[in-house]
Amino acid sequence: MTAQILVVEDEPAIQVLIAANLTRAGHEVVMVADAEAAQRQINLALPDLILLDWMLPGMSGIELARRLRGEERTRPVPIIMLTARGDEHDKILGLETGADDYITKPFSPRELVARIKAVLRRLAPQATDDAVDLGGLRLDPVTHRIHAGGQLVSLGPTEFRLLHFLMAHGERVHSRSQLLDRVWGDHVFVEERTVDVHIRRLRAALEATGHDALIQTVRGSGYRFSTSGKVAD
Ligand code: CA
C-alpha cells in the first residue's frame, strides 16, 4: 500500500536515490529541500511519515523534529532521521528529540525501505498492507475487502479508509480534526461535519451484520473503534 512520505533532504543526488527507491516500493513521495518548505507542506497535509535529513540549510532537521513533536497536530507523525553522523551521542540526541528511528548515510536502499516499513507497522499501520482483524471484522488493504463474520461488507473508498484508520488504532479516540488530517489529509478545507456524515455511512454499512456498535462516539472528543462494547456516551 501507498504511504505518503515527506522527504526533507537538500542533496540532489540523495534526493534522486530516495525518490526512486521509495516510489519503487509503492510510496508517494513529496520532496522538499529545507525545513521551512517542509513546515509549509505539513501545514497543508500531514504525511504518513517524514524522512528528515539532520543537516539542512537554515533550520536543522533536529530543530524541525523538535517543533513537530511539540505540536499536538504533528506529534503522531513518525519521523526517521537521516544523517551522515554516525556516533552514538548524535544517535541518542536524535532519538531524544523525537525521531522514531535513525539511518546513517551512506545507507542501502533496501535498508531504507525496510526501516520505513518497520516504523509504519509500529506507528502508522493504516499506511501498510497488513490486514487488520478486530471485533469480528477483517479488513484487507490488499484486496480492499472487509469481512464481517463470514459476510462481505461493501464500503465506499472514504469509509474504507476511515474504518482502516480507526481499526489500526483500535480503542483510541480521535477528534474530528485529527480524522480529517489523518484520513482525508485535509484539515483546512474539509468541514468537520463531513466526518460525521461518513461515520454515519460506515455504521449503516456495518449494521446488517451487527458490527455498527464497534464505531463509538465519545461525546465532546470524537470517535473510536472499540471492542469493549460499552459506549462511553
Ligand atoms: Ca544535508
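Quick caveat, the model's predicted, so the values are computed rather than measured. Indexing begins at 1, ligand by ligand and atom by atom, following the structure's order. All residue numbers in this chain count up from 1 along the given sequence.
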State which residue, out of Arg224, His174, Gln126, fulfils the side-chain hydrogen bond (donor to acceptor under 3.5 Å, both in side chains) condition with His169.
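Answer to the side-chain hydrogen bond (donor to acceptor under 3.5 Å, both in side chains) test with His169 among Arg224, His174, Gln126: Gln126.
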
Which atom, counting only N, O or S, brings Asp10 closest to the Ca ion (ligand 1)?
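Nearest to the Ca ion (ligand 1) within Asp10's N, O and S set: OD1.
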
Out of the N/O/S atoms in Asp53, what is the name of the one closest to the Ca ion (ligand 1)?
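Closest N, O or S atom of Asp53 to the Ca ion (ligand 1): OD2.
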
Could you please spell out the steps behind the side chain to side chain donor-acceptor pair (under 3.5 Å) verdict for Glu28 and Thr23?
CA-CA 6 Å; Glu28 268 174 31; Thr23 306; over 6 Å; no

Is the distance between the Ca ion (ligand 1) and the nearest N/O/S atom of Glu9 smaller than 3.0 Å?
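It does not; every qualifying atom lies at 3.0 Å or beyond.
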
Hey, does the side chain of Asp34 reach the backbone of Ala37 with a donor-acceptor pair shorter than 3.5 angstrom?
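At least one qualifying donor-acceptor pair exists.
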
Strictly below 4.0 Å, N to O, side chains only: are Arg66 and Glu63 in salt-bridge contact?
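So Arg66 pairs with Glu63 through a salt bridge.
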
